[in-house]
Amino acid sequence: MKCFFLTYSICLLSLFVHGEIVLVGKVTNELDEPISFASVGFVDTSIGTVSNVEGEFILFLQEIPPSNSILRISSMGFEPMEKGLTEVDLGVPLHFQLKENTFSLDEVIVKSGALETIEHGNSDEKTAIKTNLAISDQPNMNLGAEIGRKFRLSDKPNYLSKLKFHLAYNNFDTLLIRVNFYQLESGKLTQIQQAKPIIRKIVNQKSGWVILDLEEENQVLRGTVVASIEWIGASKVGNTFALNVSMPALFQTHYYKYGAQNRWKVYPNMSSSMILSVQVEN
């Protein structure tokens, strides 16, 4: 997998390149082991990225961040870290050690009785709107961007089966995406804990419907949830990919987060072309 990602200099120095500040560093656990695909970015801004398989990251800045800027680093299974950067930090390699956050899953999967497969979502393949996740001139600067859709499920256990989404276009030889699920309560998204991150590879510039078999993840969903596709990596060959979005889509909701640590934007009466398949007991 290493060959698909940007390899950074061993020295990991912050440099000024063509008037830009290049901020580089590494994310590890307390044993100095790299944390792959950690989200790194300035809080509530579009400036963000995701660490590579060695835990290394790079951020391109147009100017020195304001004194009140907060860099946030987070990864599933670890306590997030926040740091205010000074000009001194911009001249040295950054090293963030995250502390493991122990948690127990809310429930154990025990399926009994006959199961019925139910599909929720939007199967529209021909939409006028496309949401592009790779829109930066700098490589990997949009990593951590997410597109999500709201699903209204029953309050009884919904056993995750498949997630389908429609790629309008894609010219990357290889894409890495992470599937996230959020509970939606009072308009606030809270990430649902998973036994492990759900990461999948998309190859050969595939477009059209992408079908992810997620039954092995043993995930239970209940109530109103948001399923999202997060871009976390790509080959050097390629520069754009996008998902279909329908508008109008009455009583549906589209979610978009541009920046690894940015706020979600919410678009009512819009919907990405995404279908969630779950199994429920009769």
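Residues take their numbers from the sequence shown, with the count starting at 1.
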*Asks:* Yes or no on ring-ring contact (aromatic ring centres under 6.0 Å, His included) for Trp264 and Tyr182, after CA distance, side-chain angles and deciding distance?
*Replies:* CA-CA 12 Å; Trp264 284 96; Tyr182 300 87; 5.5 Å; yes
*Asks:* Any idea which heavy atoms bring Gly121 and Phe151 closest together, and the distance?
*Replies:* CA-CE2, 3.8 Å
*Asks:* Please evaluate residues Asn239 and Asn171 with respect to the criterion side-chain hydrogen bond (donor to acceptor under 3.5 Å, both in side chains), reporting the C-alpha separation (whole Å), side-chain torsions for both, the decisive distance (0.1 Å), and the verdict.
*Replies:* CA-CA 7 Å; Asn239 60 9; Asn171 66 1; 2.9 Å; yes
*Asks:* Distance check, rounded to the nearest 0.5 Å: His166 atom NE2 versus Met274 atom CE?
*Replies:* 12.5 Å
*Asks:* Looking only at atom types and distance, does a side-chain atom of Thr253 sit under 3.5 Å from a main-chain N or O of Lys150, one as donor and one as acceptor?
*Replies:* no
*Asks:* Taking it one step at a time, do Thr190 and Glu185 satisfy side chain to side chain contact (heavy atoms under 4.5 Å, CB included)?
*Replies:* CA-CA 8 Å; Thr190 303; Glu185 297 179 353; 6.0 Å; no
*Asks:* Honestly curious: do Val27 and Phe60 fall in one hydrophobic cluster under the side-chain, below-4.5 Å linking rule?
*Replies:* yes
*Asks:* How far apart are the closest heavy atoms of Ser207 and Tyr169, and which atoms are they?
*Replies:* CB-CA, 4.2 Å
*Asks:* Search all heavy atoms of Leu143 against all heavy atoms of Ala260 and return the closest pair with its distance.
*Replies:* O-CB, 3.9 Å
*Asks:* Show which side-chain atoms of residues 31-41 pair as donor or acceptor with protein atoms under 3.5 Å away, not counting sequence neighbours.
*Replies:*
| residue | atom | partner | partner atom | Å |
| --- | --- | --- | --- | --- |
| Asp32 | OD1 | Gln97 | NE2 | 2.7 |
| Glu33 | OE1 | Asn29 | ND2 | 2.7 |
| Ser36 | OG | Val53 | O | 2.7 |

*Asks:* Which heavy atom of Val245 sits nearest a heavy atom of Thr127, and at what distance?
*Replies:* O-CB, 3.2 Å
*Asks:* Can you tell me how far OG1 of Thr28 sits from CZ of Phe78, rounded to the nearest 0.5 angstrom?
*Replies:* 9.0 Å
*Asks:* Compare every heavy atom of Ile192 with every heavy atom of Gln219, then report the nearest pair and how far apart it is.
*Replies:* NE2-CG2, 3.5 Å
*Asks:* Taking all heavy atoms of Lys130 and all of Ala168, pick out the closest pair and write down the distance.
*Replies:* CD-CB, 3.6 Å
*Asks:* I need the Leu276 CG to Leu221 CG distance, nearest 0.5 Å.
*Replies:* 6.5 Å
*Asks:* Are more than 12 heavy atoms, taken from residues, nucleotides or ligands other than Lys156, located less than 6.0 Å from that residue's NZ atom?
*Replies:* yes
*Asks:* Are the side chains of Ile70 and Phe42 in contact, using a 4.5 Å heavy-atom criterion?
*Replies:* no
*Asks:* For the residue pair Glu230 / Asn180, report whether a side-chain donor-acceptor contact shorter than 3.5 Å exists.
*Replies:* yes
*Asks:* Would Lys201 and Thr174 count as a side chain to side chain contact (heavy atoms under 4.5 Å, CB included) here? Give the steps.
*Replies:* CA-CA 7 Å; Lys201 184 187 296 185; Thr174 301; 3.6 Å; yes
*Asks:* With side chains defined as the heavy atoms from C-beta onward, is the minimum distance between Met76 and Gln194 less than 4.5 Å?
*Replies:* yes
*Asks:* Say whether Tyr159 and Glu215, considering side chains only, have a donor N or O and an acceptor N or O under 3.5 Å apart.
*Replies:* no
*Asks:* Consider only side-chain heavy atoms of I, L, V, M, F, W and Y, link residues closer than 4.5 Å, and tell whether Ile147 and Leu212 are in one cluster.
*Replies:* yes
*Asks:* Does a side-chain heavy-atom distance below 4.5 Å link Tyr256 with Asn262?
*Replies:* no
*Asks:* Salt bridge or not for Arg200 and Glu217, using N-O below 4.0 Å?
*Replies:* yes
*Asks:* Would you say Ser246 and Asn122 make side-chain contact, with heavy atoms under 4.5 Å?
*Replies:* yes
*Asks:* Judged by atom type as modelled, is there a donor-acceptor pair below 3.5 Å linking the side chain of Asn101 to the main-chain atoms of Gly77?
*Replies:* no
*Asks:* If you apply the rule side-chain hydrogen bond (donor to acceptor under 3.5 Å, both in side chains), what do you find for Arg149 with Ser271, and how did you get there?
*Replies:* CA-CA 6 Å; Arg149 187 191 190 279; Ser271 171; 2.7 Å; yes
*Asks:* Can you tell me how far the CD1 atom of Ile232 sits from the CD1 atom of Ile177, to the nearest 0.5 Å?
*Replies:* 7.5 Å
*Asks:* Distance from Lys162 atom NZ to Ile211 atom CD1, nearest 0.5 Å?
*Replies:* 8.0 Å
*Asks:* Do Asn282 and Leu115 have side chains that get closer than 4.5 Å, going by heavy atoms?
*Replies:* no
*Asks:* Heavy atoms, side chains only, cut-off 4.5 Å: are Thr224 and Leu153 in contact?
*Replies:* no
*Asks:* Grouping I, L, V, M, F, W and Y whenever their side-chain heavy atoms are under 4.5 Å apart, do Met270 and Val225 come out in a common cluster?
*Replies:* yes
*Asks:* Do other residues, nucleotides or ligands put more than 12 heavy atoms under 6.0 Å from Lys206 NZ?
*Replies:* yes
*Asks:* CZ/Arg72 to OG1/Thr45 distance, rounded to the nearest 0.5 angstrom?
*Replies:* 12.5 Å
*Asks:* Salt-bridge test for Arg222 and Asp155: reply yes if a basic N is under 4.0 Å from a carboxylate O, no otherwise.
*Replies:* no
*Asks:* Please say whether more than 12 non-hydrogen atoms of neighbouring residues, nucleotides or ligands are located less than 6.0 Å from NZ in Lys188.
*Replies:* no
*Asks:* Counting N and O atoms only, with roles assigned by atom type, does the side chain of Asn142 sit under 3.5 Å from a partner on the main chain of Ala145, one being a donor and the other an acceptor?
*Replies:* no
*Asks:* Please say yes or no: joined through hydrophobic side-chain contacts below 4.5 Å, possibly via intermediate residues, are Val43 and Leu23 part of one cluster?
*Replies:* no
*Asks:* Are Trp209 and Phe165 an aromatic pair, judged by ring center distance below 6.0 Å?
*Replies:* no
*Asks:* Would you check if Leu163 and Ile275 make a side-chain contact, meaning some heavy-atom pair closer than 4.5 Å?
*Replies:* no
*Asks:* For the pair Leu214 and Ile198, evaluate side chain to side chain contact (heavy atoms under 4.5 Å, CB included) and give the outcome as yes or no after the intermediate values.
*Replies:* CA-CA 8 Å; Leu214 303 179; Ile198 302 175; 3.7 Å; yes
*Asks:* Tell me, please, which residues at least two apart from Asn269 pass side chain to side chain donor-acceptor pair (under 3.5 Å).
*Replies:* none
*Asks:* Please walk me through it: do Lys164 and Glu119 pass side chain to side chain contact (heavy atoms under 4.5 Å, CB included)?
*Replies:* CA-CA 10 Å; Lys164 309 174 187 177; Glu119 289 191 342; 3.0 Å; yes
*Asks:* Quick one: are Leu175 and Phe241 in side-chain contact, heavy atoms under 4.5 Å?
*Replies:* yes
*Asks:* Is any side-chain N of the basic residue among Arg178 and Glu146 closer than 4.0 Å to the acidic one's carboxylate O?
*Replies:* no
*Asks:* Check whether Val179 and Val203 end up in the same hydrophobic cluster, where Ile, Leu, Val, Met, Phe, Trp and Tyr are linked by side-chain heavy atoms less than 4.5 Å apart.
*Replies:* no
